[in-house]
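What follows is a set of notes on a single structure, which appears directly below.
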Amino acid sequence: MGYCAARSCRVRSNRPMGYIPTMLYFVVATRPEARPIIDHFQMKAADVAANFPLYGSENLRLIISGMGKSAAAAAAGYLRGLAPHTAAA
């Protein structure tokens, strides 16, 4: 979808029938870092019982990993496990 500053504008899609939209994932370290993204995209808490706080909207997911490279890698791996599997090209 395109970006539009005015709320009244509409973006026409010329995507083929059966198009599967791309999912965009955010991995952030802390809640204060995540809050502006969650608010801007109007994300809702997706999985309360998860190992990591997870939020989402239609084509977006955000996970709060905690500080450090290993925490970010673990959160990214967790997201990958949740993603629908597709055949390798």
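Throughout, numbering of the chain's residues begins at 1 and tracks the sequence. What you see is a predicted model; the values in this text were computed from it and never measured.
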Exercise answer: donor-acceptor pairs, residues 60-77 side-chain atoms, under 3.5 Å, sequence neighbours excluded:
| residue | atom | partner | partner atom | Å |
| --- | --- | --- | --- | --- |
| R61 | NH1 | S57 | O | 2.6 |
| S65 | OG | V28 | O | 3.3 |

_Gap between atom NZ of K44 and atom CG of L54 - 0.5 Å precision_ = 14.5 Å
*What's the spacing between I38 CD1 and F26 CZ if we round to 0.5 Å?*
10.5 Å
*What's the shortest heavy-atom distance between P32 and P36, and which atoms?*
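Looks like O-CD, 3.3 Å.
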_Residue pairs fulfilling salt bridge (charged side-chain N to carboxylate O under 4.0 Å, His left out) with at least one residue in residues 24-35, sequence neighbours excluded_ = R35-D39
